[in-house]
Amino acid sequence: MTKVKIDAGICGFMTKVTAEAAGDDVKLTIVSGCPAVQKMAKEIGDTFDPYELCLVKPGDGPLFEYARENFPVHVACPVIAGITKCAEAECNLALKKDASITFIKD
């Protein structure tokens with residue numbers, strides 16, 4: 001089981017993701033303060049083929065396809081990347097390593 005916490009930034013919404021490998025699939029549990037992410041988690045289901053979820057070109061895959069049609073306009077939201085990272089690590093498609101975006105004040 002792999003867990004991540006995603007701080008989306010200025011919106012203040014936090015998202016917690018648990019990924020659990022289940023045979024050839026990965027099961028995701030997504031808990032978020034963001035109404036758009038909550039709706040996505042309800043509508044797309046919780047079980048995915050990890051290769052179709054994680055090893056696709058940027059902007060492809062079931063999460064991005066849903067977001068493209070249903071999310072408010074906000075391309076920089078890190079939540080989908082965080083969900084994908086969690087699944088990727090759980091399924092041994094990537095190593096577990098924190099990622100971040102840090103603003104530099106000059």
Side-chain angles (χ1 to χ4, degrees):
M1 182 181 318
T2 301
K3 297 180 181 184
V4 300
K5 179 177 81 171
I6 306 158
D7 180 344
I10 196 68
C11 67
F13 293 129
M14 300 295 283
T15 299
K16 291 183 181 178
V17 181
T18 302
E20 193 165 0
D24 291 336
D25 294 325
V26 62
K27 181 176 179 181
L28 300 176
T29 303
I30 302 168
V31 178
S32 181
C34 175
V37 174
Q38 291 172 11
K39 186 177 177 198
M40 178 181 72
K42 285 181 186 175
E43 291 186 4
I44 65 171
D46 63 0
T47 305
F48 301 91
D49 178 314
Y51 294 97
E52 292 176 7
L53 181 69
C54 303
L55 298 182
V56 294
K57 293 183 184 254
D60 287 344
L63 302 178
F64 283 106
E65 289 169 7
Y66 178 89
R68 187 177 303 117
E69 297 297 322
N70 298 285
F71 269 27
V73 179
H74 185 58
V75 72
C77 178
V79 174
I80 292 178
I83 294 168
T84 305
K85 267 310 227 192
C86 186
E88 198 176 48
E90 172 64 15
C91 296
N92 296 312
L93 299 174
L95 297 174
K96 293 179 182 178
K97 175 75 173 139
D98 291 346
S100 66
I101 299 168
T102 304
F103 287 94
I104 301 170
K105 297 177 185 174
D106 289 330

### Task
Could you identify which residues cluster with Ile10, counting Ile, Leu, Val, Met, Phe, Trp and Tyr as linked when any side-chain heavy atoms lie under 4.5 Å apart, either directly or through a chain of such contacts?
none
### Query
At what distance, to the nearest 0.5 angstrom, does CD1 of Ile101 lie from CG of Asp7?
10.5 Å
#### Entry: Shared-cluster residues of Leu93, by chain and number - hydrophobic side chains joined below 4.5 Å
Tyr51, Leu55
### Query
Looking only at atom types and distance, does a side-chain atom of Glu90 sit under 3.5 Å from a main-chain N or O of Ala21, one as donor and one as acceptor?
yes
### Message
Using every non-hydrogen atom in the two residues, find where Pro35 and Phe13 come nearest and quote the distance to one decimal.
### Response
CD-CZ, 3.9 Å
### Query
Are side-chain heavy atoms of Arg68 and Glu65 found at a separation under 4.5 Å?
yes
### Query
Is the side chain of Glu88 donor-acceptor paired with the backbone N or O of Ala94 at a distance under 3.5 Å, no angle test?
no
### Query
Got a sec: does the CD of Glu69 have more than 12 other heavy atoms crowding it under 6.0 Å?
no
### Task
Determine the minimum heavy-atom distance between Ser32 and Gln38, stating which atoms define it.
O-NE2, 2.7 Å
### Message
For a 4.5 angstrom cut-off between non-hydrogen side-chain atoms, does Lys5 reach Met14?
### Response
yes
### Query
In the hydrophobic cluster built from side-chain contacts under 4.5 Å, what are the other members alongside Leu63?
Val4, Ile6, Val17, Val26, Leu28, Ile30, Val37, Met40, Ile44, Phe48, Leu53, Phe64, Tyr66, Phe71, Val79, Ile80, Ile83
### Query
Just how far is it from atom CG of Asp25 to atom CD of Glu52, taken to the nearest 0.5 Å?
9.0 Å
